Amino acid sequence: MGKPYELRHSPSLAKVTVHVPAAPQRFAILACFVALHGIALQFCISTSGEAHQVALEKIRKKNREDFLNGTKEEDKMPYELPSEWAPNPWASASLFGTISLHAFFFLLCRWKVGFRATVHFQDARQVREGYYVQVVPLPHRGLPALVPLTYCDTTCRLGFIFQRQHYEYLEPGDGTDADEEVGEVQLLQCPVSEPLGKYLEAKGLSSDDAEHLKEKFGENLLEVELPTFMQCYKEQLLSPLVIFQIFVALVYAADDFVNYTLMQLLVILTMESTSVFQRLKTMKMLNNMGTKSFSIMVYRGRQWVEKSTSDLVPGDLIELVTVKSNTEATPDEKVAPDIVPCDCVMIRGEAVASEASLTGESAPQMKDALAMEDRTLDLQGRDRVHCLFSGTRIVRATEGTNKEEVEATRPASDVPATPNQGCLAYVVRTGFASSQGQLLQMIEFSQDKVSGDTREVIVAIVILLFCALIAAGYVLKVGLEKGDKTPHELLVKCVLILTAVVPKQLPIQTAMAVNTALMALSRAGVFCTEPYRVPLAGKLTHCLFDKTGTLTTDTLVPVGVVNRSSEPGADGHLPKVQVADAETAAALVLAACHSLVLVDGKLTGDPIEVAALQGIGWSFDSQAETASPQATQDSQGKKQGIKSVRILQRFHFASHLQRMAVVVEVATEGSANLEGPGTYVLVKGSPEAVKKLLAKDTAPGWYDKSHTDLAERGLRVLSLAYRRLPTRQDKMAREEAEKDLIFAGFIAFECLVRRDSALVIGALNESGHKAMMVTGDSPLTALHIARTCGIADGQLPGLLLSKADEGEEWVVVTGDRAGERLPSTESWTDLAKKYALMTTGDVLDAAVSREPELWKVVDEIRVFARMTPQGKAKIIEELQKQQSHVLMCGDGGNDVGALKQADAGLALLAGYGNVNTADNNEINETTENTDESKKAEVALNQRDAELAKKNRKAAKARKDFLWQKQRELQDLQRQWLEEEIEVRAKRGETGIMSQAGAMKASMGRYTEELKRQMKEYDKTHGNVYDEKESGQSAPKDPAAMLEGMDHGGLPMVRPGDASIAAPFTTKAPSVKNCVDLIRQGRCTLLSALQQQQIMMLNCIINAYVLSALSLEGSRSSERQMITSSWLLTTASLAFTYATPCDRMHPVRPLRSLFHPAVFISMLGQAAIHLFCMVAAVRMARAAMEEGSPERQAGWTGPSLQDVSEFWKRERLRRRGLIEQEEEMDWTQYAISAWTQPFLPNLMNTVVFLVETAQTVAILFVNYKGQPWMKGVMENRALFLSVLTVAGSVAAAAWEFQPQLNELIHLSPFPNDEFRWKVMALVGLTLLGTFLWDRLCVLFFAPEIFKAMVDSAKKTTFKDDVVPVFVTVGKVLGVFVILGTGNILMAGLAYWMYRRHSKDPDE
């Protein structure tokens, strides 16, 4: 078979191959199976009656023996004869095998798309309609699929739908590479990269064009058709795991384990139905997350018409309007129409949108109309400020401020004005191709079960199967030689042995561990869209942090301005003046060069711009785009003669340019300290970027020194510049505007550090993680914050990689040696020991382009400054190439690329203001007090405990407030109801319907008022991070006092909302969730590995037990199997829900099943367990022989021959060969199913007790909790489960409760000597495996052993042992109280328990 025809494809897919249905191939396979079935049937027919003849020969032989032995007739056992048509057992086995193989083949075609493509299709050499494409998505992005190619009349191309995305096939030469000879598959091209003129000259669509495009792109809906319960249930039951479990259960039924089979089937069906309900619930949740359709104005057929948003197609022109906050939705309306229904480009007007649902940025973003340029649209790049994205909320949308002036030359001039004075937008993406659709698609198809290392698991199962084949072969050989079992029975036993070594729960263990971690992260306020990344978080080695909005707040406080006319003081530093004292030019730039908007009467936008505007005492009318000095006597604007400034054109901030600019019209009154009224260009940005734009020789001599000094003190510095234009120009190119500027001054901002940032970084440093900072800020500002947080050593001078005449050089930038230059030839590793290394993005790019080997030591750099979003992602990519695992923590705006590139990206929601902050003195004091006895992570845990305590108090206070308001509003509601009825009566509305309407109206008013009250309460009391002891909010920063800066409470995030920027999104104003993520990741990794070990060892023991009991003629009791199954399931569940430790250890846990410390330990444990089991079987066999010392001492237990004869008699009775004493009705039959006869015997009892003890030993030995997850004694549920099972084994061995022993079919031991021997084997299996495992860890992973010993040394009687006894006492107390049967006693005990456990602070 040749190589499949593979097509080129978009980066969103991993592989696309073309296949053609192969009917002859399918017929040939079917013919093969028919032939196999025919051969097996022929074998059965040819041997028909052979089994009957063999049985007759055995009967004759037995009769001769009975005649010679003189056996009485009544002592003879009736014989079980097979049917006269029964075939040879090997013929039956061959037929069973062919049927099983055919069923497996059918299911494998369903399970594995690649297998189905191989056997049912053949590789195509071309692409045609009716052919199929096998689409393989990227890892963890859903499952592969075979989808048909269909022809689209609209595009005249072939295409297909995969994961709700439309793809089209491009012929060779039509794709991205015209020279390729192979076709290409691409996502259906929406108009997202057309020339700007196409959008600005759009005339709308005709009705026919819209219908064709709707056929091409589909409806603009984010909904999926929900399958029925039975459809999902059928799919769930046909999954590989369930099929295997059902197969094993049926094999047990064939061995007469009817009760056990029924229990297993009941558990399987119940668990799978639960999974189906959860899956349907998830799909409904995803449907609810999507925006529902509503009416919108669309320009179709050269007129404005009202259409549903579901009818929108790319190319439509739509009107987006401002929705009033008091608009009441109709009862059947699902969503408010203030949501953008699709991705669109604004071509007229302006808008303000909140993109929090996509990026987490809470500050509304200003959007303005696209301007004509000779280039194509860059939707996610430079033109993002002109685009509105689906799912985001419209705060404001208008037709613009310069409508009258540009009426003749406005874009889309053939399109009349919007009917509701809204903005005009061009639709570019709809449905699942839109931004919100991509987010929902990512969430939906990232929810597959997470598996461990599949290759390791397969190798382990192959080894186990090899051992099982040997055991099954041995059982078959010995059984045939003995002749006490029919070949049919032996074959069933062999199948059971083979299935016993395949861990039935193995595929879901990692998934369960991941789900446990996800629930814990959710409780900590972290939402995850890509669950497969949770285990990756346990492997992290490097942690990268953004600065502003991450380690520090996103609110900057203006601390002063350096005016152009300033002169250096005696110390060489330039004095800062208050922002209100800024000179005219500097104040002008601060007043107008921004992107602020007025929302609900408050200025919102970039906090730095809000603070600057308020600092200079100006106001801004965002409707008129005009800034003016406030009417106060001390307003500098009034003093300097400026009347108003109106923005004509805005060039938004661009991260790669590090600046923004506006073109304004200045109106003056009196004598202004400017060049007069007129048109000006105002620019602000980084000092380095603005300096390049200044007119030649106009920068003051102190320019560089001044902004460097400010940055070294941790201040963020912006350079301000301007230029007067000779004439007014409505539209200018950015390059034309930003040139020949005049320097106006610097403004410095202080950004407070999060209170716990230093503790988090300290905890990461203690646990062996490398912490680094990647930021767009200046190197010195970043270094100051890095030192404050602990990323860089505050005692080491800063060393910056800078450009030189030839290549790069290191420059000392702080301390007494500032300005000293070092050669770049010295090793970065050596330099990192003496300096805090820093670099900027452009210098780093230049250095690694000449010497790529530098990427291998790039992690020696502590601060990466002036980094672009692409530069941040590049650093992470290079670290990953060195087998490092990287965490990126940033905001959802500029850090999107880096958050996606990282192994674990954590986005912080913005908008918390100065919550959870402290000044540098507090941070330094906290850091200095963190000595050896109180490490950073300990202090962090103490702070978490304090916050949890405050949260509990706040929750109780909120609950009390809610109850109080409900009581108050209930009285008002009755009054409102009476008023409403009276109003309706005056209108002539009476009757039941009128009263119902009045009740509904009053109830709606009650609900709205209660929501308003609670919102006000949350705004005032929602901050527990900076709370005083009195419980009132305590803002600790000056900016919190600024009017319009709303920092009262934490932003509320709807359940299910997530940032599209990162796999993880945190709701807390802190980077502490990085620690939670790493802890949960390590716990998940270790838990999955340990459960693999446990199940592998359990399978080995189960296989041997089945073999031993089969050979000895005994079997397990169904009651024993059910009892041990439930007990051990409880212990396993407790194991699954293990929680991580509250300390991150520098040593990483083992994560490979074939690490010598793990694999050799497993082999040794298996050998010890098997040795003990073999010894136990031999002891029981010897005691059950007729002439054994135990029998001579008077023991009268059944022999193995008795057991064998008993089971033969039972099989005959079940088959009706021995008549029942009386017929039973269905109730008697159901009771008899539990009370089926079983002959308790020593072999069964010994094997059951030793096997149960070994299972306990496996759980106990292989649970290596500390120092990565809670230890055995801390995991109370696991400890009590294991202790209960172990105690039950000892109690059963000593027959403390003979009735219980009798209930689970245990036989008394012959004597105490035998009992002690069995318990010695139990002790050996427990102690021996424990010592062997720890020795393996000592020799093959000494660092792990040392970490475990260090953790064990910290165990104390008070903190670790006493709580266990307390828990045991509580459990015993519950049993005692329940045993009394007194309900009042139980209620009193519960009340006392609640009173005792109540938090005294609540």
Side-chain angles (χ1 to χ4, degrees), residues 547-548 556-590 593 608-609 611-612 615-616 636 658-661 673 682-723 738 740-751 775-785 787 797-798 800 802-803 811-821 838 840 843 863 865-866 920:
K547 183 181 76 69
T548 306
L556 291 92
V557 182
V559 296
V561 171
V562 177
N563 289 313
R564 175 181 172 82
S565 60
S566 300
E567 295 294 336
D571 57 356
H573 296 292
L574 275 89
K576 298 192 305 291
V577 298
Q578 295 295 323
V579 178
D581 297 328
E583 294 179 351
T584 305
L588 188 65
V589 177
L590 294 175
C593 190
I608 195 173
E609 296 175 341
I616 60 174
Q636 287 297 308
Q658 299 179 10
R659 63 180 183 271
M660 79 164 292
N673 297 329
L682 310 178
V683 180
K684 70 177 180 183
S686 70
E688 299 90 342
V690 172
K691 185 178 182 181
K692 299 175 184 177
L693 306 177
L694 298 178
K696 188 176 181 181
D697 300 329
T698 59
W702 44 261
Y703 186 95
D704 290 330
K705 178 174 175 54
S706 177
H707 77 75
T708 301
D709 288 344
L710 293 172
E712 193 171 346
R713 282 178 267 172
L715 302 177
R716 182 172 182 179
V717 184
L718 292 180
S719 180
L720 313 175
Y722 71 99
R723 174 168 71 97
E738 297 175 338
D740 299 330
L741 302 176
I742 300 173
F743 176 64
F746 294 122
I747 182 171
F749 296 87
E750 182 181 17
C751 193
T775 178
D777 215 331
S778 68
L780 291 175
T781 303
L783 177 63
H784 177 82
I785 300 300
R787 285 173 166 173
L800 179 65
S802 308
K803 289 183 179 179
V811 180
V812 181
V813 291
T814 61
D816 299 334
R817 297 169 54 191
E820 181 180 339
R821 301 180 182 275
M838 302 181 294
T840 56
V843 177
V863 175
R866 297 298 185 206
N920 293 342

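What you are looking at is a predicted structure, and each value in this text was computed from that prediction instead of being measured.
- Contact annotation: the side chain of Leu718 approaches that of Ile747 to within less than 4.5 Å [non-hydrogen atoms, C-beta and beyond].
- In this structure, the separation between CG on Leu800 and CZ on Arg821 is 10.0 Å, given to the nearest 0.5 Å.
- Under the 4.5 Å side-chain criterion, counting only non-hydrogen atoms from C-beta, Thr781 is not in contact with Thr775.
- Between Pro779 and Val863 the shortest side-chain heavy-atom distance does not fall below 4.5 Å.
- Ring centers of Phe746 and Phe749: at least 6.0 Å apart, outside the cut-off.
- Atom CG of residue Leu780 and atom NE2 of residue His707 lie 9.0 Å apart, to the nearest 0.5 angstrom.
- With hydrogens and angles ignored, the 3.5 Å screen pairs a side-chain donor or acceptor of Lys684 with a backbone N or O of Cys593.
- With hydrogens and angles ignored, the 3.5 Å screen pairs no side-chain donor or acceptor of Ser719 with any backbone N or O of Gly685.
- Taking the side chain as every heavy atom from C-beta outward, Lys692 and Arg659 never approach each other to under 4.5 Å.
- A 4.5 Å side-chain heavy-atom check between Lys691 and Asp704 finds at least one atom pair inside the cut-off.
- A 4.5 Å side-chain heavy-atom check between Thr814 and Arg787 finds at least one atom pair inside the cut-off.
- Here the CD-CG distance, from Glu609 to Leu590, works out to 10.0 Å after rounding to the nearest 0.5 Å.
- When all heavy atoms of Val589 and Ala721 are compared, the pair lying nearest together is CG2-O, 3.6 Å.
- A search for salt bridge (charged side-chain N to carboxylate O under 4.0 Å, His left out) contacts involving Arg723 returns nothing, not counting sequence neighbours.
- You'll find the side chain of Glu688 stays beyond 4.5 Å of the side chain of Thr840, heavy atoms only.
- Considering all non-hydrogen atoms of both residues, Gly776 and Arg866 come closest at O-NH1, 3.0 Å.
- When all heavy atoms of Phe743 and Tyr722 are compared, the closest pair comes out as O-CE2, 4.4 Å.
- Taking every heavy atom of both residues into account, His784 and Ala711 meet most closely at CB-O, 4.4 Å.
- Considering every non-hydrogen atom in both Ala582 and Asn563, the closest pair reads CA-OD1, 3.6 Å.
- The minimum heavy-atom distance between Gly798 and Leu783, with the atom names listed, is CA-CD2, 3.9 Å.
- Note that the CG atom of Leu720 and the CD1 atom of Ile742 stand 13.5 Å from one another [nearest 0.5 Å].
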